Each structure stands twice: as structure tokens, then as C-alpha cells.
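Written out below as C-alpha cells is the structure these notes cover.
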Amino acid sequence: MRARYRRILRFAARALVQTWWFELVLPRFGLHRLADRRRAVRMRRLARRFHVLAVELGGLMIKVGQFMSSRLDVLPPEVTTELAGLQDEVPAVPFAQIRAAAEAELGMPVHQAFAAFDETPVAAASLGQAHRARLTPELAQDAGFADVIVKVQRPGISAIVDVDLAALRRVARWLRRIRIVAERADMPALVEEFAVTSLEEIDYRHEAANAERFRAEFAGNPRVAVPEIAWERSTARVLTLADVTAIKVADVDGLRRAGIDPHEVASVFASVMFDQFFGFGFFHADPHPGNVFVTVVPPEERGEADPPWVLTFIDFGMMGEIPPSTREALRTVLVAAASRDGRGLVAGIDQVGALLPSADVRELERAMTQLFARFGGMGFAELKQIDPREFRDFAGEFGELARALPFQLPENFLLVIRAASLTSGVCTSIDPAFNLWDAVEPYATRLLREERGDLMRDVARRAMTVADASMRLPQRLDGLITHLEDGNLDFDSGRLERRMSRLERLGRRAVSGILFAGLLVAGVLLRPDDETFGTVLMGASVLPLLHVLFAGLFTGGGGRRD
């Protein structure tokens, strides 16, 4: 376990230093071309190293890789392609260990608990392993089904999760020391949120209860199915449920062979996830392609109005819940995005709690408005056809705003972002031409129709706010004029100039110090892969070091005189 802990930390440290150097330090000093030259190779190499690490260690590392592999809309293909296999590549545990764990939990031999039990696993996940089995005739008659999937927790997984969480907590403390990260997210709090869901996930009784609640929420939706639980053969570490194995949601070839339109699947999947986010507030937080099936419904088993296929969700260990206030804020964001309203979108983001108090929303509103005007409504495939130079021009225009985005990650929001990201990635993988806006717009229209009463109340509330501000404006102007007449707004410009001069000199030396440390660390990091380039960087670090040490000699000790 100590070796596991150290290995995770070594990987994280190296990845952080490499990212900091190439993506932050070099561009800050105008070396964009040097940073861009081998970015694809670096990304592929980093993803490959993480792939090896995740497969060998398993545990929570697999979940991190699964999340990244689904971000086709954000992460470069060098990363997503390399990590795609993690959905199905978790090594299986020998059956002897699985049988021993199951028998210890059930209190009886496997051949007595089940009429049949397949020793070959149907799936090996990061926290457990699934085997096909058949209930005994008596249990099958009571349950209403015979063919089942038995999930057995991996032996020793509790200790592995504890170690992984300890490593993630350590990395979070590192990130808390980085100002640009600390200003936008409380990383220790996010890790604790992830810890709560992870510890709940290794209690299968919690997962079974989630499945029952999810089924109740979608009881009136003919497009969604949830497997039944065999409670007599389920415990904290063994979960037995009806076998609902079907076509994986991202298996495009399988969908087409079954006569199912992938575009329709992507649209229904997005709509179902929106219902969870904005309707119920209780959502599946791990909807990666291995956890969602497309099940064909035979004609004799469906009514005239029932669809020919349904989405079947499995694995309810990681679920999220959105409080009503946050759900209302998310609805505001959705409606604004659907109507291409940049100002409304910023207001919704602020309502969610994702904007810092010091945010200059005017610039952000302008950026969002222009973003919608040019790229709003485009799907992932359409965006790929745009000339990259146009993206670069847009990024250049709002470069300073992008580097100082006033966003922060609200607490208790990690699972929302995870599920939304996976939803976007899965829809794109099913149908690269799928336009998420097409799924957003009818949903937003429905929300507007349902909430017209709230909209009128909001208009009235805004009118009262404007009236109140107008009534207080003369008093505030009178106070300002009084201060000006009393002379309370003057200041010592000479003293300010001296302080600014001193800060400027200190700033130059600080930049040199950062550059020295960056060159030295980058040289040490890159020397094993590129000895010549690494040695050049280490040698170049001497120049900024000399400036840090001897800059005072060339200013005549000006720092002391100030």
C-alpha cells in the first residue's frame, strides 16, 4: 500500500510540473511555439503513462481515466483515444478469490446460493467484478426472473480506496498552494466530496437503494429501464440483480445492426440526463458507455405507444443530488444557453455560485455574447470544420479575460460536472454530428412554458430593485459630494510613486526567480527523455539566477533607500 501511495504521488507531481512548465511558464515568456511544437506527443505520452498506471493499480484510478476518456468535446484525441480502453480493460480477479468473498458474505457455498454460477466474469470494474448466474427455482419464482448478474466486491478494495483517497488528498493540498487553482476551487473539499461518494459506492446496499429510487423517479417514462434487485442474495459486498445486458449505448455498429438510429439514441440519452439534472435533482453521476445499454423491446412485450427500445441504466453506486436552489440556477443557465443570451448565461452562472465576487461581469457578458453570435448553435462536428485561425483570433481578442476567468468551482458540484461532461462525451461518441443544442432547445422551451408565473414574478422583483436603487441614488450622490468638499479623497502621489517603483523592481526579480526555478525543474524533468534539450534548459537557468542575486548592485541599493 505504501508503494501504491508513492507511485500515485510521483505520477501526479511529474504531470503537474510538466503541465505548469509547458502550458503556463513558456507561454508567459512568449515561447508559445516551443510549447506547441510537441504538445500532441506530450499529451499522448502522458495519457499512455496514466493508462498503464490505472490498469496496474485499479481502484479509483480507473474512474479518473474513464472520466477523461469520455471528454471528446474538451480533451484532445491523443488523450481520449489512449484512455478509451479503460472502460473494459480492468484486469479480472481470479475466480477463487471472488468465490471466497461471495461465500463469506452470503454465508453459504456458491453452488447452494445459486442454481448456476459462471466462473468467467462478464465485466471487471474498478471496485467490483460481475458474473452471470441463475437463481434457484424458489427464488426465481419469488423474484419474477431467473437470469441474474452477481456483482462481487474486489477483495481488499476498502483498503485500496483508503490509500487512493489519501493520495488524492495530498495532491489536493498541493493544488491548494497554487493560486490560480485555489481561487477557483476548494480542492480539499472536492476530494472530500469524491471520498463520500466513493465510500458509498463500495456499499452495495446503498447502490441497491439508489436503483430503487431511480426506478421510482422514471416510473412514468417508457424510455428508461432499471434492473430488478434480488434482495435475498444481496449484501453490503454482493449485489444480485436481473441480467439486462444489451447493446452498449456507444456501440454504433451494434445499434445500426439492430435497426436503431444512433442520432436518436444520442438525443434520447441527452433528454433523459436533462430530466435528471433539471427535473428530479437526483442523477446518475457515472453514465459512461459501460453503464448504459440500449435494450430492444420485442413487439409482443410493448404496447402500441411504447418505443421499440429503451435506455437501461446500471451501476447506481455513484449518484448525485442537486438542491432545489441550485436546480433553479441550472435551469436559468439552460434557458439562457438555448436562447443564445450571453448576459442571461452570466447571470445564471453567478446564481449557481460559479463566479468570484470580484468578477467583472461586463467583459464576460461581452465575450459570451460574441461567442454565441459566432459559434452558438454549432455541433461538435461543425466546430471541427472551422478554420483554427478563427479560434485563435477569438482567443487572442479575449486572451487576458481567458487567463483571468473569474470562475470558481462551487462545493458539492463535482458530480454535476462529471455527469454533464460524460453526457456530452457519450453523445459525441454515439454521433459526431450530434448537436447538443437540438436537445437543449425543446427542453428549455418546456421549462419556459412551465415557469411563466415565476418569470412574471421575477420581472416584478427586478422592477422593485430598480425602483429602490433609484430612490437611494440622490442620497449616495450627496454623500460623495460632501466627501469631495471636505477634501477626504486626496492622497500622497509621491509616496505612491516610490512604492510602485520598488514593487516594479521586486516584481522583475521575482519573475527572474520563477524563470530560474522553472528552467531548472524543466531541465531535470525532460533530461531523461531528451538529454540535449534538458541540459540546455538547466544551463539557461543560470542567467535569471544571476539577475536575482546581483540585480541590487545595478540599482545602487535603491530598494533600501525606498
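Computed from a predicted structure; not experimentally measured.
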Partner residues of [X] under the ring-ring contact (aromatic ring centres under 6.0 Å, His included) criterion, sequence neighbours left out:
{"X": "Phe214", "value": "Phe218, Phe313, Phe316"}
{"X": "Phe283", "value": "Phe277"}
{"X": "Phe11", "value": "Phe50"}
{"X": "Phe282", "value": "none"}

Taking the side chain as everything from C-beta on, heavy atoms only, tell me whether [X] gets closer than 4.5 Å to [Y].
{"X": "Pro121", "Y": "His131", "value": "yes"}
{"X": "Arg233", "Y": "Val150", "value": "no"}
{"X": "Ser126", "Y": "Leu60", "value": "no"}
{"X": "Ile322", "Y": "Gln276", "value": "no"}
{"X": "Leu165", "Y": "Val161", "value": "yes"}
{"X": "Asp286", "Y": "Leu422", "value": "yes"}
{"X": "Leu311", "Y": "Val272", "value": "yes"}
{"X": "Val426", "Y": "Pro287", "value": "no"}

[atom2] on [Y] to [atom1] on [X], rounded to 0.5 Å:
{"X": "Ile314", "Y": "Ile149", "atom1": "CD1", "atom2": "CD1", "result": "8.5 Å"}
{"X": "Leu175", "Y": "Leu16", "atom1": "CG", "atom2": "CG", "result": "5.5 Å"}
{"X": "His288", "Y": "Arg418", "atom1": "NE2", "atom2": "CZ", "result": "7.5 Å"}
{"X": "Arg4", "Y": "Ile8", "atom1": "CZ", "atom2": "CD1", "result": "5.0 Å"}
{"X": "Asp164", "Y": "Leu57", "atom1": "CG", "atom2": "CG", "result": "7.0 Å"}
{"X": "Glu103", "Y": "Ile98", "atom1": "CD", "atom2": "CD1", "result": "11.5 Å"}

Indicate the atoms forming the closest heavy-atom contact of [X] with [Y], along with that distance.
{"X": "Gly317", "Y": "Asn210", "answer": "O-ND2, 4.4 Å"}
{"X": "Ser429", "Y": "Ala250", "answer": "OG-CB, 4.1 Å"}
{"X": "Ser234", "Y": "Thr240", "answer": "OG-N, 3.1 Å"}
{"X": "Met273", "Y": "His284", "answer": "CE-O, 3.7 Å"}
{"X": "Ala329", "Y": "Val352", "answer": "CB-CG2, 3.5 Å"}
{"X": "Ile157", "Y": "Gly59", "answer": "CD1-CA, 4.4 Å"}

Going through the distances and angles, do Val191 and Leu168 end up as a side-chain contact (heavy atoms from CB on, under 4.5 Å)? CA-CA 7 Å; Val191 170; Leu168 291 174; 4.1 Å; yes
By salt bridge (charged side-chain N to carboxylate O under 4.0 Å, His left out) - contacts of Arg169 (at least two apart): Glu192
Partners passing salt bridge (charged side-chain N to carboxylate O under 4.0 Å, His left out) against Asp203 (at least two apart in sequence or in another chain): Arg205
According to side chain to side chain contact (heavy atoms under 4.5 Å, CB included), who are the partners of [X], at least two apart in sequence or on a separate chain?
{"X": "Asp350", "value": "Leu355"}
{"X": "Arg170", "value": "Tyr5, Leu9, Arg173, Trp174"}
{"X": "Ala102", "value": "Val110, Val152, Val238"}
{"X": "Val196", "value": "Glu200"}

Any sub-3.5 Å donor-acceptor pair from Ser424's side-chain atoms to Ala420's backbone N or O?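 It does not hold such a pair.
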Counting distance only, does the side-chain N/O of Thr235 pair as donor-acceptor with the main-chain N or O of Glu105 below 3.5 Å?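 Here the side-chain-to-backbone pair does not exist.
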Listing request: all salt bridge (charged side-chain N to carboxylate O under 4.0 Å, His left out) pairs with a residue in residues 154-163, at least two apart in sequence or in separate chains. none
Does Phe22 have Arg42 sitting over its ring (NZ/CZ under 6.0 Å from centre, angle to axis within 45°)?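 Because its charged atom sits under 6.0 Å from the ring centre and within 45° of the axis, Arg42 does stack over Phe22.
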Checking side-chain contact (heavy atoms from CB on, under 4.5 Å) for the pair Glu56/Met61: CA distance, chi angles, key distance, verdict? CA-CA 9 Å; Glu56 291 183 0; Met61 297 301 103; over 6 Å; no
Start with the C-alpha gap between Glu201 and Leu127, add the side-chain angles, then the distance that decides, and say whether side-chain contact (heavy atoms from CB on, under 4.5 Å) holds. CA-CA 8 Å; Glu201 197 171 359; Leu127 305 182; 3.7 Å; yes
Working note: Phe269 + Phe434, criterion side-chain contact (heavy atoms from CB on, under 4.5 Å); need CA distance, chi angles, decisive distance, verdict. CA-CA 12 Å; Phe269 176 70; Phe434 176 75; over 6 Å; no
Test salt bridge (charged side-chain N to carboxylate O under 4.0 Å, His left out) on Arg45 and Glu82 and set out the steps. CA-CA 9 Å; Arg45 185 179 301 165; Glu82 184 63 39; over 6 Å; no
Can you pull out every ring-ring contact (aromatic ring centres under 6.0 Å, His included) where at least one residue sits in residues 194-213? Sequence neighbours excluded, please. none
